[in-house]
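Inspection log for the structure reproduced underneath, given as structure tokens.
Atoms within each ligand, like the ligands themselves, are counted from 1 in listed order.
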Amino acid sequence: MVHRVETPLGKILRERILGEGPMTFRDFMDQALFHPELGFYSKGPEIGSRDGTFNTNAMFPAFAFCLARAVEQAESIIGEPLRIVELGAGTGELGTGILSFLPTAREYVAVEPSSGLQHKQKARGLAAVKTVEDLSPRPSFVFGNEVLDALPVHRVMNDGQGNLMEFYVSINPQGGFEEILGEPSTSALSSRLQSEGVTLGRGQMAEVCLELDPFIQSIASIISKGYLIFLDYGDEALALYHYTRRNGSLRCYFRQQQVHDPFNHIGEQDITADVDFTALDKAACCSGLGTAGQAWQGTWLKNLGIHQFQPKGVDPKELQNQIEQLTNPARLGSTFDVWAWRTPNIPLPPGFS
Ligand SMILES: C[S@@+](CC[C@H](N)C(=O)[O-])C[C@H]1O[C@@H](n2cnc3c(N)ncnc32)[C@H](O)[C@@H]1O
């Protein structure tokens with residue numbers, strides 16, 4: 001029998017499933033991450049760790065330096081000031097860093113659904129709103145670091161007879177969480193895969209994020225002129241759903257260690273999946289944006305001049321290590337891809353020309 005640690009959110013979700021019946025994995029993940037009081041993100045977790053066991057871009061000043069340069073260059077390309085919009089700004093560390101590297105004050109706003117994280121962002125003096133819909137259309141530089149991988153995903157499987165089935169979260173007779181297969185909750189799941197030319201192999205599992213389309217559409221509607229840039233881990237559809245990736249890409253992080261059981265420590269661990277860049281690009285293009293660039297993070301940061309980051313009073317070895325972490329393909333340099341889009345009739349964004 002699997003041993004799992006019970007949490008208050010786990011109890012609430014068990015009661016809900018027992019009362020209302022199985023829920024899609026997407027709805028379970030949404031609750032585990034964003035339940036208003038007990039969801040992992042709603043509680044305002046620390047992100048990344050200083051002991052180096054779990055590195056994220058946002059904790060490196062050299063990364064903030066490069067994004068500040070990207071903002072400045074974008075403004076000079078477009079020829080007017082841009083509102084900076086950070087999607088899913090986490091603890092606010094990156095936003096604060098970017099503003100500190102810009103020579104003059106700028107308009108910055110974080111879009112953050114988590115009340116706990118919004119609280120941390122505001123405590124650093126950052127402006128924050130709950131959703132993109134709270135913003136009006138303006139010339140903007142919009143970006144998100146590791147946001148798309150936190151959007152809830154449906155989990156599907158080819159049942160071996162060529163049928164696409166969906167995983168639902170249920171409760172077994174012993175009271176434990178389990179996944180069961182059922183008919184897809186929406187035909188959008190098979191439509192998405194079909195439109196990408198993807199056929200899952202027999203018994204192959206995969207994640208599908210349907211949230212991408214409405215999310216990107218609402219973001220595009222607030223950029224009257226400017227750029228949208230995402231940094232995240234993922235792949236284009238044919239690689240992401242290749243038959244060798246039989247178990248999909250869903251994974252969890254508990255206290256910065258990668259684990260694989262989404263039903264343990266519910267609400268106390270992060271749940272994430274690789275981003276489908278094909279679906280993302282299609283969503284952006286359908287929203288009126290044009291694809292403007294795609295690169296490994298390491299290449300993009302070098303193009304932006306990461307090697308010109310020379311802060312005073314920092315040990316050169318430590319600085320070298322920071323730049324290595326961010327740019328070396330064996331570290332974060334190729335783990336993260338950068339994808340960029342632009343509104344019509346403006347030049348390519350910084351780092352891609
Ligand atoms: C993995 S964390 C990354 C945080 C930060 N960007 C960083 O790099 O440390 C994911 C972030 O995305 C936010 N998020 C999730 N769904 C979102 C949405 N629909 N709109 C904006 N932010 C969202 C989470 O609340 C959290 O701040």
Report task. Answer with side chain, backbone, both or neither: which part of Leu117 has a heavy atom less than 4.0 angstrom from an atom of ligand 1? Result -> side chain
Query raised in the report: For ligand 1, which atoms have a heavy atom of Ala58 less than 4.0 angstrom away?
Result: 7 (C), 8 (O), 9 (O)
Report task. Flag Asn145 as yes when one of its N or O atoms lies below 3.5 Å from any N or O atom of ligand 1, and as no otherwise. Result -> yes
Query raised in the report: In terms of side-chain geometry, is the basic nitrogen of Lys120 or Glu46 positioned less than 4.0 Å from the acidic oxygen of its partner?
Result: yes
Query raised in the report: Crowded around His119 NE2? As in, over 12 foreign heavy atoms under 6.0 Å?
Result: no
**Report entry** atom 5 (C) of ligand 1: the protein heavy-atom neighbour that sits closest, reported with distance to 0.1 Å
**Finding:** Gly88 O, 3.4 Å
Requested in this report: Any atoms of ligand 1 less than 4.0 Å from a non-hydrogen atom of Glu146? List them with their elements.
Outcome: 1 (C), 2 (S), 3 (C), 10 (C)
Query raised in the report: Which residue and non-hydrogen atom of the protein lie closest to atom 1 (C) of ligand 1, and at what distance in Å?
Result: Tyr41 OH, 3.0 Å
Query raised in the report: Quick one: does Val111 get a heavy atom under 4.0 Å from ligand 1?
Result: yes
Query raised in the report: Any idea which atoms of ligand 1 are less than 4.0 Å away from a heavy-atom of Glu112?
Result: 13 (C), 24 (C), 25 (O), 26 (C), 27 (O)
Requested in this report: Find out if a path of hydrophobic residues (ILVMFWY) with successive side-chain heavy-atom gaps under 4.5 Å connects Leu87 to Leu280.
Outcome: yes
Report task. Mind checking whether Met59 contacts ligand 1 via backbone (N, CA, C, O), side chain (CB onward), both or neither, at a 4.0 Å heavy-atom cut-off? Result -> neither
Per-pair distances, 0.1 Å, donor-acceptor, side chain in residues 181-188, under 3.5 Å, sequence neighbours excluded:
from: Ser185; atom 1: OG; to: Glu166; atom 2: OE1; distance (Å): 2.8
from: Thr186; atom 1: OG1; to: Ala188; atom 2: N; distance (Å): 2.9

Query raised in the report: Is Glu196 paired with Lys282 through a side-chain N to carboxylate O contact shorter than 4.0 Å?
Result: no
Query raised in the report: What is the nearest protein non-hydrogen atom to atom 17 (C) of ligand 1, stated with its residue, atom name and distance?
Result: Pro113 CG, 3.6 Å
Query - Heavy atoms from other residues, nucleotides or ligands near NZ of Lys11 exceed 12 (cutoff 6.0 Å) - result: no
Report task. Check ligand 1 against Phe34 and write out every atom of the ligand that is under 4.0 Å from a heavy-atom position of the residue. Result -> 15 (C), 16 (N), 25 (O)
**Report entry** Ring-ring centroid check Phe277 Phe230, cutoff 6.0 Å
**Finding:** no
**Report entry** Proximity to ligand 1 by part of Leu151, non-hydrogen separation under 4.0 Å
**Finding:** side chain
Requested in this report: Can you label the angle between the Phe263 ring and the Phe25 ring as parallel, tilted or perpendicular, going by 30° and 60°?
Outcome: perpendicular
Report summary line: For residues 219-231, the side-chain hydrogen bond (donor to acceptor under 3.5 Å, both in side chains) pairs (sequence neighbours left out) are Glu80-Lys225
Query raised in the report: Which one of Phe215, Tyr253, Phe40 has a non-hydrogen atom at the shortest distance from atom 19 (N) of ligand 1?
Result: Phe215
Report task. Find all atoms of ligand 1 within a distance of less than 4.0 Å from any non-hydrogen atom belonging to Gly90, and give their numbers and elements. Result -> 4 (C), 5 (C), 27 (O)
